J.: 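Handing you this structure, nothing more for now.
Read the numbers this way: they start at 1 and go in the same order the structure lists the ligands and their atoms. All values below were derived from every heavy atom in this structure, side-chain atoms included, with hydrogens, water molecules and symmetry-related copies excluded. Quantities reported herein were computed from a predicted structural model and do not represent experimental measurements.
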Amino acid sequence: MEDLDVNITIIDRAGVEHQIAAPTDMAMNLMEVVRSYELAEEGTIGVCGGMAMCASCQCYVLSETDLPEMQDDEEAMLSEAFDVKDNSRLGCQIQITAEMEGLVVELAPES
Ligand code: FES
């Protein structure tokens with residue numbers, strides 16, 4: 001059977017690195033993966049439910065992984081968020097796909 005998981009690394013807010021397998025066949029986004037593995041405290045991530053309206057799912061992309069381009073609502077939210085860097089993305093706007101094998105992200109501080 002085909003392997004439908006990609007291996008990604010998520011560095012949590014305490015700086016701890018987690019190697020996890022994320023499913024590509026469940027229409028999950030990165031924020032939901034972080035929640036399902038409980039890598040951030042309940043209520044501190046995914047606050048808006050993945051609507052690009054809270055920035056609680058902000059993360060920094062540390063690998064060279066090709067990610068889908070930012071849409072306007074993600075860009076707009078990030079322009080108002082705290083601790084934004086050049087490599088900031090909203091986890092809820094990143095759908096997990098097979099191209100994301102080897103992705104490394106760090107969760108932005110809680111704001
Ligand atoms: S969960 Fe609110 S912006 Fe991503």
J.: Could you pull out the closest heavy-atom pair between Glu32 and Met28, with the gap in Å?
T.: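 Taking every non-hydrogen atom into account, OE1-CA, 3.3 Å.
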J.: Taking heavy atoms and a distance under 4.0 Å, where does Ala52 meet ligand 1: side chain, backbone, both or neither?
T.: backbone
J.: What do you get for the angle at atom 4 (Fe) of ligand 1 between SG on Cys92 and SG on Cys57, to the nearest 10 degrees?
T.: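 It is 110°, given to the nearest 10°.
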J.: Closest approach of Ser88 and Gln58, non-hydrogen atoms and distance?
T.: OG-OE1, 2.6 Å
J.: Looking just at side-chain N and O atoms, do Gln19 and Thr9 make a donor-acceptor pair shorter than 3.5 Å?
T.: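 Short answer, yes.
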J.: If every non-hydrogen atom of Leu39 is compared with every non-hydrogen atom of Asp12, which pair is closest and at what distance?
T.: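 Taking every non-hydrogen atom into account, O-CB, 3.5 Å.
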J.: Specify the closest pair of heavy atoms between Thr24 and Thr97, including all atoms of both residues, with the distance to one decimal.
T.: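 That closest heavy-atom pairing would be CG2-C, 3.6 Å.
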J.: Angle at atom 2 (Fe) of ligand 1 between SG of Cys54 and SG of Cys48, to 10°?
T.: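 Centred on atom 2 (Fe) of ligand 1, the SG/SG angle is 110° (to 10°).
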J.: Using a 4.0 Å heavy-atom cut-off, which part of Met53 comes near ligand 1: side chain, backbone, both, or neither?
T.: backbone
J.: Show which atoms of ligand 1 fall inside a sub-4.0 Å distance from at least one heavy-atom site of Gly50.
T.: 1 (S)
